[in-house]
Asker: 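Can you read through this structure? Questions will come right after.
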There are 2 protein chains.
Amino acid sequence: MGKTKAPVKTVLTKAKTARKVYPGEDDPRLQALVREIIERVADKWTMLVLEALDEHGVVRFTRLGELVGEISQKMLTKTVRQMEKDGLVKRTVHPVIPPRVEYELTELGRSLGEAFCGVWVWALKNGEEIERARVEFERGAGRGIGMS
Amino acid sequence: MGKTKAPVKTVLTKAKTARKVYPGEDDPRLQALVREIIERVADKWTMLVLEALDEHGVVRFTRLGELVGEISQKMLTKTVRQMEKDGLVKRTVHPVIPPRVEYELTELGRSLGEAFCGVWVWALKNGEEIERARVEFERGAGRGIGMS
DNA sequence: CTGAATCCCCTATGATACTG
DNA sequence: CAGTATCATAGGGGATTCAG
């Protein structure tokens, strides 16, 4: 770890029109932070659980698993615990029998869900295009693929 | 791949206590599509490469690796290839010596980058809060944590 | 019902070496 | 420079069992 050298730009090839600028992109500390967050949140299960909770509000363990879909109890537990740890999810245990444990997004979690909303929408809008791109690629692949 | 049997949980198709409504959320086909997209795109390396390309435009292989940070050549290749396959990235090979291969986002890739933009911003804004939440959780964890 | 604990497979990922 | 190929390993992740 810790390497993270960053001689950064200076050598950007010309004609880089749409150079997108992010707030704080020049702050290495923030860069590292974003990186860490991405690594923590950019995981299949986390995103799916996030979506499920964002959509359905307060749900119980088993139900949550059903909503997410094909997820093992183990992964669900692990994911949800990690999210709780990160302050994205609130876990409420009702001391009754049978046990009733409810999960819901925290304020932070909801805000993240909102941020990801753009991605869901994107997926809905462009899913088919990706599908098409993939098929097309498959057709052209295998050979040299003369681009350039 | 995982065709995990049939979860004959008879009790599932019920009125959803949905709060947030996504376009097409009632269409199982679209649901599956979103799910697939998420699974494909919600991966650490993909997101990091996406960000790097979104920020810097056209970059060469090695440079891209530097921009992403701690990524092995193998993973970079794999990720970038997958993204190309999905139509997110365009790969241009210049037949010169030494070889020069440039990567850049396609229109589709840029649109995804835009969708994810909300997440970068979120990470920048809430990174520290997550940090705090985690620390706090650590302190309170370990024991029973009587909630409810 | 909600999990924790176990067993175990398989793949994701890193390190290294080789090629064009 | 831009990969590919190989080897090796940790851990992701499923199935099953146990417990409160």
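Each chain gets a letter, A, B and so on, in the order the sequences are listed, and its residues count up from 1.
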Asker: Please state whether the base of C:dA15 and the side chain of B:Gln73 form at least one donor-acceptor pair under 3.5 Å?
Answerer: no
Asker: Output the rounded distance in Å from CD (B:Glu66) to C1' (D:dA2).
Answerer: 13 Å
Asker: Just compare D:dC1, C:dC1, D:dG13 and give me whichever is closest to any side-chain atom of A:Pro99.
Answerer: C:dC1
Asker: Name the residue closer to the 5' end of DNA chain C, choosing between A:Arg100 and B:Ser72 according to the nucleotide with the nearest heavy atom.
Answerer: A:Arg100
Asker: Using atom NZ of B:Lys44 as one end and atom P of C:dG14 as the other, report the distance to the nearest whole Å.
Answerer: 7 Å
Asker: Just the rounded figure in Å: distance from C1' of D:dA2 to CZ of B:Arg91.
Answerer: 8 Å
Asker: For A:Gln82 and C:dG3, what is the distance between atoms CD and C1' respectively, to the nearest whole Å?
Answerer: 17 Å
Asker: Within the structure, does a side-chain N or O atom of A:Lys78 lie under 4.0 Å from either OP1 or OP2 of D:dG13?
Answerer: no
Asker: Using whole Å, report how far CZ of B:Arg81 lies from P of D:dA5.
Answerer: 11 Å
Asker: In this structure, how many angstroms lie between the P atom of D:dA2 and the CD atom of B:Glu84, rounded?
Answerer: 15 Å
Asker: For A:Arg110 and A:Leu105, indicate whether the former's side chain and the latter's backbone hold a donor-acceptor pair under 3.5 Å.
Answerer: yes
Asker: Using only atom types and a distance under 3.5 Å, with no angle test, would you say the side chain of B:Thr79 pairs donor to acceptor with the backbone of B:Trp45?
Answerer: no
Asker: Would you indicate, yes or no, if D:dA2 has its OP1 or OP2 atom less than 4.0 angstrom from a side-chain nitrogen or oxygen of B:Arg60?
Answerer: yes
Asker: By nearest atom, which of the nucleotides D:dG13, C:dA12, D:dG3 is closest to the A:Asp43 side chain?
Answerer: D:dG13
Asker: So A:Tyr103 and A:Phe61, would you call those rings parallel, tilted or perpendicular, with 30° and 60° as cut-offs?
Answerer: tilted
Asker: At less than 4.0 Å, is any side-chain N or O atom of B:Tyr103 found next to OP1 or OP2 of D:dG3? Yes or no.
Answerer: yes
Asker: Could you check whether A:Thr77 and A:Gln73, counting side-chain N and O atoms only, form a donor-acceptor pair closer than 3.5 Å?
Answerer: yes
Asker: Choose from D:dG3, D:dG13, C:dT2 the nucleotide whose nearest atom is closest to any side-chain atom of B:Thr77.
Answerer: D:dG3
Asker: Is B:Arg40 paired with B:Asp86 through a side-chain N to carboxylate O contact shorter than 4.0 Å?
Answerer: yes
Asker: Whole angstrom is fine here: how far is it from CZ in A:Phe61 over to P in D:dG20?
Answerer: 18 Å
Asker: Tell me the interatomic distance from A:Lys74, atom NZ, to D:dC18, atom C1', rounded to whole angstroms.
Answerer: 15 Å
Asker: Where each residue is assigned the nucleotide of DNA chain D containing its nearest heavy atom, which of A:Pro98 and A:Trp45 is assigned the position nearer the 5′ end?
Answerer: A:Trp45
Asker: Counting only side-chain heavy atoms from C-beta out, which of C:dG3, D:dG14, C:dC1 sits nearest to A:Met75?
Answerer: D:dG14
